[in-house]
Peer 1: 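Can you keep this structure in mind? I'll have questions shortly.
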2 protein chains.
Amino acid sequence: MVQYSKKFQAVPEPTIRRMPSYLAFAEGLLRKGQQFVSSTQIANYMNIDPTQVTKDLSYTTIVGKTRVGYEVKAIVDVLSEFLGFSVMDNAFLVGAGSLGSALLHDSGLNHFGLKIEAAFDINPATIGRKINDVEVFHIDQFRDLAQELNVIMGIITVPAENAQTVADLMVAWGIKAIWNFTPARIKVPDDIIVQNTTLYSNLAIIFNKLHQEKREE
Amino acid sequence: MVQYSKKFQAVPEPTIRRMPSYLAFAEGLLRKGQQFVSSTQIANYMNIDPTQVTKDLSYTTIVGKTRVGYEVKAIVDVLSEFLGFSVMDNAFLVGAGSLGSALLHDSGLNHFGLKIEAAFDINPATIGRKINDVEVFHIDQFRDLAQELNVIMGIITVPAENAQTVADLMVAWGIKAIWNFTPARIKVPDDIIVQNTTLYSNLAIIFNKLHQEKREE
DNA sequence: AATCAATAAGGAAATTTTTCTTTAATAAAA
DNA sequence: TTTTATTAAAGAAAAATTTCCTTATTGATT
Ligand SMILES: NC(=O)c1ccc[n+]([C@@H]2O[C@H](COP(=O)([O-])OP(=O)(O)OC[C@H]3O[C@@H](n4cnc5c(N)ncnc54)[C@H](O)[C@@H]3O)[C@@H](O)[C@H]2O)c1
Ligand SMILES: NC(=O)c1ccc[n+]([C@@H]2O[C@H](COP(=O)([O-])OP(=O)(O)OC[C@H]3O[C@@H](n4cnc5c(N)ncnc54)[C@H](O)[C@@H]3O)[C@@H](O)[C@H]2O)c1
């Protein structure tokens, strides 16, 4: 089911999923002073097919040199621009519990273009605290602050049963995209972008492969 | 590139990815006392096509009743068994920092069949502490404990630059599967199962959709 | 009792994604 | 200078996944 118009959707999602890893690899090479990198090298690092790498990179403006590869600096620059990591977007996080705190502590998000401006909770014990310089407010203050700061993304890290309630609030307050870390699926209007990140799916994949191995013995 | 034999791999990975959400939904319905659920209902909750749901469930032993749907209890029982959530597997976590602590606090992992037996770190400040009843040991003690407890999975939540070092240790100590939360890709022997969980990929997908919207305006 | 509507299920078709093949370029080696 | 080997790029083919279509079943409605 298509949640949004496909007119400009040219880049496959699997490609976008791989790109941050290409970027991270290239950043590492840049730090080490390597100037060029071939699709073979990237593919080796990623454990995928080299043509997959060239296909993926062909969606960007990056062009490689035969017999040499791609300019590392170009990959870093183009890819971070392409992925939207070079402009900072503002977000609010709701649910400053275990996972929420981890995300607030993560400087990686900053590096990848996301600034968490404020956190919200309902637990009086956490409200008023600062987690890695981000203040935790009561959820009722969300509205006023969303106006002030230019916040386009809402991050949901509350218990699953409260996910829909929080999502409804976010929509009402004009959030454009929601990053949902709960296993619950939320219902929002079609024009709101939702990204579900269910860690437990990864667990299912691991178990599936483990059991497969067992069956083969 | 195939990292493992495909002989018994019949279930598509996207299917396995969706199944934990079906399960979570069914568990919710069970709590509410609902006895049957149709593919239409599940699809509506998931925001996907109903035939996708029937296809997915057809990989299991679950059979539905025409005009009625699937038995909720059967979905819960069969799916949790099928996904490997009903037998407890033991894991070690290396890197008891922000993300590591969040995972240690997460009772969801227990519910989905994963028991973190111990955590490891190199920071003297955290070693000896207990996080949600799980003790943090120095990484050097990994070996002895891995023998004692029946640990098959290693969870990596150290900084990206240390991921390979930790992975090498895990392999040396006989771990069968690695759940890697760092953006770095690790190199391990072919028989070791690796699941990379890169949260930043999700960010890239959101940004991509956001920018698409902008282009369409 | 007959009709209607909702649904599962299986197979076909369409779409998406990955892999393979060919070609051309070019750095390095002979 | 010539040859060789490596690589990017573009297109074709293959594989995987999703969506569509048809059929049969059966609970609800008339
Ligand atoms: N902790 C993890 O590592 C982890 C891993 C995977 C998934 N998750 C998911 O992330 C979500 C949060 O998990 P957690 O471990 O951080 O839980 P947690 O209990 O530590 O934190 C939840 C926080 O949300 C707050 N909260 C509850 N209802 C709220 C509301 N209506 N508005 C605002 N704040 C509210 C609570 O006060 C609490 O601080 C859960 O859905 C969980 O399944 C967590
Ligand atoms: N925090 C998040 O929300 C988040 C989100 C996405 C990805 N990540 C990734 O997860 C990883 C960890 O992030 P974090 O925020 O928890 O970092 P952190 O600095 O809070 O924690 C890292 C921990 O690993 C320990 N450590 C370092 N080297 C070690 C070694 N060789 N052996 C054992 N322990 C070692 C450190 O002492 C520290 O306690 C990073 O790769 C990060 O990119 C984190």
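Order of the sequence lines fixes the chain letters, A, B, ..., with proteins taken first and strands second; residue numbering starts at 1 for each chain.
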Peer 1: Looking at R17(B) and E13(B), is there a salt bridge between them, counting it only when a charged N and a carboxylate O are closer than 4.0 Å?
Peer 2: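 Salt bridge: yes.
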Peer 1: Would you tell me if any nitrogen or oxygen in the side chain of R18(B) comes within less than 4.0 Å of OP1 or OP2 on dT18(D)?
Peer 2: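 Checking dT18(D) against R18(B), a side-chain N or O does come within under 4.0 Å of OP1 or OP2.
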Peer 1: In chain order, what residues pass the side-chain hydrogen bond (donor to acceptor under 3.5 Å, both in side chains) check against E161(A), with sequence neighbours excluded?
Peer 2: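 Residues passing side-chain hydrogen bond (donor to acceptor under 3.5 Å, both in side chains) with E161(A): none at all.
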Peer 1: Nearest-Å distance, CD (Q41(A)) to C1' (dT6(D))?
Peer 2: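 About 12 Å, once rounded to whole Å.
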Peer 1: Take atom CD1 of I75(A) and atom P of dA8(D), then tell me their distance rounded to the nearest Å.
Peer 2: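 My rounded result for the distance is 9 Å.
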Peer 1: How do Y59(A) and T40(B) order along DNA chain C: which one's closest nucleotide is nearer the 5' end?
Peer 2: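 Taking each residue's closest nucleotide, the earlier one in sequence belongs to T40(B).
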Peer 1: Could you check whether S38(A) gets within reach of a base, just the sugar-phosphate, or nothing at all, counting any heavy atom under 4.0 Å?
Peer 2: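 Here S38(A) touches the backbone only, sparing every base.
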Peer 1: Write down the distance between CD1 (I48(B)) and P (dC20(D)), rounded to a whole number of angstrom.
Peer 2: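 The distance from CD1 of I48(B) to P of dC20(D) comes to 13 Å, rounded to the nearest Å.
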Peer 1: Could you pull out the protein-nucleic contacts involving nucleotides 25-30 of chain D (nitrogen or oxygen on both sides, under 3.5 Å)?
Peer 2:
unit_1: dG27(D); atom_1: N2; unit_2: R67(B); atom_2: NH1; d: 2.4
unit_1: dG27(D); atom_1: N3; unit_2: R67(B); atom_2: NH1; d: 2.8

Peer 1: Is Q52(A) close enough to dT17(C) that one of its side-chain N or O atoms is under 4.0 Å from OP1 or OP2 there?
Peer 2: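 No, Q52(A) has no side-chain N/O under 4.0 Å of OP1/OP2 on dT17(C).
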Peer 1: Using a 4.0 Å heavy-atom cut-off across all strands, classify S58(A) as base, sugar-phosphate, or nothing.
Peer 2: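 No contact.
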Peer 1: Angle between ring planes, H211(A) versus F207(A), binned at 30° and 60°: parallel, tilted or perpendicular?
Peer 2: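 H211(A) and F207(A): parallel rings.
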Peer 1: Please list all pairs meeting ring pair (Phe, Tyr, Trp, His ring centres under 6.0 Å) that have one or both residues in residues 55-102 of chain B, counting only residues at least two apart or in different chains.
Peer 2: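 Counting only pairs at least two positions apart or across chains, the ring pair (Phe, Tyr, Trp, His ring centres under 6.0 Å) contacts touching residues 55-102 of chain B are F85(B)-F112(B), F92(B)-F120(B), F92(B)-F142(B).
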Peer 1: Starting from P on dT6(D), measure out to OH on Y70(A) and report it in whole angstrom.
Peer 2: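 Distance, rounded to whole Å: 17 Å.
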Peer 1: Does the dT18(C) base have a donor-acceptor partner in the side chain of K55(A) within less than 3.5 Å?
Peer 2: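 Side chain to base: no pair present.
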Peer 1: Output the single nucleotide from dT19(C), dC20(D), dA8(D) whose closest atom is nearest the side chain of T51(A).
Peer 2: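 In terms of side-chain proximity for T51(A), the closest of dT19(C), dC20(D), dA8(D) is dT19(C).
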Peer 1: For atom CD of E81(B), decide whether the heavy atoms of other residues, nucleotides or ligands shown that lie under 6.0 angstrom number more than 12.
Peer 2: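 12 or below, so no.
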Peer 1: Pick one: which of I156(B), T165(B), I139(B) meets side-chain contact (heavy atoms from CB on, under 4.5 Å) with V94(B)?
Peer 2: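 The residue from I156(B), T165(B), I139(B) that satisfies side-chain contact (heavy atoms from CB on, under 4.5 Å) with V94(B) turns out to be I139(B).
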Peer 1: Under 4.0 Å between a side-chain N or O of S39(B) and OP1 or OP2 of dA8(C)?
Peer 2: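 Yes, within the criterion.
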